[in-house]
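First the structure, in the form of structure tokens, and then the observations on it.
Here the structure is a predicted model, which is why all the values come from computation and not from measurement.
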Amino acid sequence: MASVVNPLQVSRFLQVYDESAAQRGIQLSIGFDFHKYVSVTLATPTKRPTYPNFRPDRSPIRSGEGYWIIGFDKNNEVALLEAARLYDLSHSNFAEHLQSLKAFYADPTAHAHPHDRCTCIAPTAKKIVGKVAYHGDRWIRRDFRGQGIPKIMAGIARGVSLAMWAPDFLCALVARRILDKGSVYGYAHCEPGGSILQLIEEDIVDDDCLVWLTGEELRSLVDRHNINELIVAS
């Protein structure tokens with residue numbers, strides 16, 4: 001049986017990243033209302049449309065099963081965004097969840113286009129089961145790129161996901177070009193073919209890698225004693 005999450009250790013972990021964001025002129029906040037999240041993203045120039053995973057008109061997220069992170073600059077303008085949600089895959093697995101399109105639509109028969117497709121050939125996706133924390137929809141304003149912001153966002157999201165859900169797995173789907181840039185921090189594992197996706201009405205065509213941590217690896221990351229090593233100097 002997994003041990004109880006230590007809230008004090010999670011608090012210390014989060015504080016390191018929160019302070020690092022503040023040093024870069026970013027004030028972080030967390031929200032839970034995804035109607036508000038979509039309204040924020042729609043009003044954010046240069047951000048691509050939010051995937052249906054995080055849109056309540058396509059995939060409602062129950063209270064306590066999702067959150068989003070927003071960062072404001074010194075002028076109170078949006079500088080970064082990211083979202084996370086919990087999938088209950090106790091009777092399924094991540095590969096099946098993707099290929100059935102239930103990862104994107106609560107009711108694929110009602111919302112999916114007849115030609116929508118998702119293929120998942122990453123072998124481990126079939127082993128990702130139970131409580132699965134899914135992170136996505138990340139956006140960083142251009143003038144804040146190249147400052148170690150992805151590492152800060154990843155740290156905050158991992159600490160919050162552990163505290164809220166103590167998941168069996170934490171995962172994301174990431175384009176190869178982003179992986180090649182080194183912009184995805186701290187995932188212990190990566191496999192190609194995580195999501196070969198076409199959503200017609202959303203104008204989405206992707207070929208993403210699956211990246212993930214096990215619940216034990218997530219706990220270990222947060223429980224590390226020298227957490228200051230986790231921050232990249234700007």
Side-chain angles (χ1 to χ4, degrees), residues 1-3 5 34 50-56 58-68 82-138 154 157-176 178-179 184-200 202 204-222:
M1 181 181 293
S3 60
V5 174
F34 277 83
T50 291
Y51 275 49
N53 315 53
F54 299 111
R55 283 175 34 203
R58 291 292 179 262
S59 190
I61 298 175
R62 290 185 291 186
S63 177
E65 294 187 356
Y67 66 89
W68 42 277
E82 184 167 4
R85 64 174 299 169
L86 184 69
Y87 287 128
D88 176 7
L89 301 184
S90 52
H91 302 291
S92 182
N93 61 67
F94 195 50
E96 181 183 325
H97 201 53
L98 289 167
Q99 293 185 144
S100 68
L101 300 178
K102 290 181 181 178
F104 309 99
Y105 305 114
D107 184 358
T109 58
H111 293 124
H113 186 277
H115 295 298
D116 283 355
R117 297 287 184 273
C118 184
T119 302
C120 176
I121 58 175
T124 303
K126 292 182 179 179
K127 300 175 183 177
I128 294 179
V129 297
K131 293 191 295 181
V132 179
Y134 176 75
H135 292 183
D137 212 48
R138 178 180 293 178
R158 285 168 191 173
V160 173
S161 290
L162 178 62
M164 287 183 63
W165 303 320
D168 298 302
F169 291 89
L170 185 153
C171 67
L173 296 166
V174 182
R176 171 68 68 182
I178 296 177
L179 285 171
V184 179
Y185 160 70
Y187 283 101
H189 314 282
C190 173
E191 289 177 354
S195 173
I196 304 164
L197 177 66
Q198 174 180 280
L199 299 181
I200 301 293
E202 310 290 341
I204 291 172
V205 178
D206 286 337
D207 186 349
D208 290 340
C209 298
L210 170 66
V211 294
W212 77 94
L213 288 166
T214 66
E216 292 78 9
E217 288 165 340
L218 178 59
R219 286 174 182 270
S220 176
L221 183 70
V222 173

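Residues meeting the ring pair (Phe, Tyr, Trp, His ring centres under 6.0 Å) test with His97, sequence neighbours left out: Tyr87. For Thr109, the side chain to side chain donor-acceptor pair (under 3.5 Å) partners two or more places apart in sequence, or in a different chain, are Asp107. Listed by chain and number, the residues in a ring pair (Phe, Tyr, Trp, His ring centres under 6.0 Å) with Tyr67 are Trp165 (sequence neighbours excluded). Evaluation of the side-chain contact (heavy atoms from CB on, under 4.5 Å) rule for His91 yields no partner, not counting sequence neighbours. Contacts of His113 classified as side-chain contact (heavy atoms from CB on, under 4.5 Å), with partners at least two apart in sequence or in another chain: His115, Asp116, Ile200, Glu201. Applying the salt bridge (Lys or Arg N to Asp or Glu O under 4.0 Å) test to Asp137 and every residue at least two apart in sequence or in another chain returns Lys47. By the salt bridge (Lys or Arg N to Asp or Glu O under 4.0 Å) test, Arg55 is found to be paired with Asp57, Glu202, residues two or more places apart in sequence or in another chain being considered. Partners of Pro123 according to the side-chain contact (heavy atoms from CB on, under 4.5 Å) rule, which considers only residues two or more places apart in sequence or in another chain, are Glu191. Judged as a side-chain contact (heavy atoms from CB on, under 4.5 Å), and not counting sequence neighbours, the contacts of Ala95 are Asn93, Cys120, Ala125, Lys126. Asp207 pairs by the side chain to side chain donor-acceptor pair (under 3.5 Å) definition with nothing, not counting sequence neighbours. Partners of Glu82 under the side chain to side chain donor-acceptor pair (under 3.5 Å) rule, at least two apart in sequence or in another chain, are Arg138.
Cation-pi check for Arg58 over Tyr51 is not met; the charged atom does not lie both under 6.0 angstrom from the ring centroid and within 45 degrees of its normal.
Minimum heavy-atom separation, Ser195 to Leu173: CB-CD1, 3.7 Å. Taking every heavy atom of both residues into account, Ala106 and Pro60 meet most closely at CB-CD, 3.8 Å. Shortest non-hydrogen contact noted between Leu101 and Ala112 is CD1-CB, 3.8 Å. Smallest separation of non-hydrogen atoms from Tyr187 and Ala172: OH-CB, 3.5 Å. Contact detail for Leu86 and Ala133: the closest heavy-atom pair is CD1-N, 4.1 Å. Summarising the geometry of Ala84 relative to Phe34, their closest heavy-atom pair is O-CZ, 3.8 Å, with the distance given to 0.1 Å.
Note: Lys131 NZ to Ser90 OG = 11.0 Å, rounded to the nearest 0.5 Å. Interatomic distance, Ile204 CD1 to Gln198 CD, rounded to the nearest 0.5 Å: 11.0 Å. Considering OG of Ser59 and CZ of Arg85, their distance stands at 3.5 Å, rounded to 0.5 Å. For the atom pair CG of Leu199 and SG of Cys118, the computed distance is 7.5 Å after rounding to the nearest 0.5 Å. Atom NE2 of His189 sits about 12.0 Å away from atom SG of Cys171, to the nearest 0.5 Å. Here the CZ-CD1 distance, from Arg117 to Ile196, works out to 13.5 Å after rounding to the nearest 0.5 Å.
Under 3.5 Å, the side chains of Ser161 and His135 contain a donor-acceptor pair of N or O atoms.
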**Request:** Go through the steps to decide whether Val5 and Arg219 satisfy the test side chain to side chain contact (heavy atoms under 4.5 Å, CB included), and finish with yes or no.
**Result:** CA-CA 8 Å; Val5 174; Arg219 286 174 182 270; 3.9 Å; yes
**Message:** One pair to check against side chain to side chain contact (heavy atoms under 4.5 Å, CB included): Leu213 and Arg158. What are the steps and the verdict?
**Reply:** CA-CA 10 Å; Leu213 288 166; Arg158 285 168 191 173; 4.0 Å; yes
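Relative ring orientation between Phe94 and Tyr134 is described as tilted, the plane-to-plane angle lying within the 30° to 60° band.
Each of Val174, Ile121, Leu98, Ile128 was checked for a side-chain contact (heavy atoms from CB on, under 4.5 Å) with Leu210, and the lone residue meeting it is Ile128.
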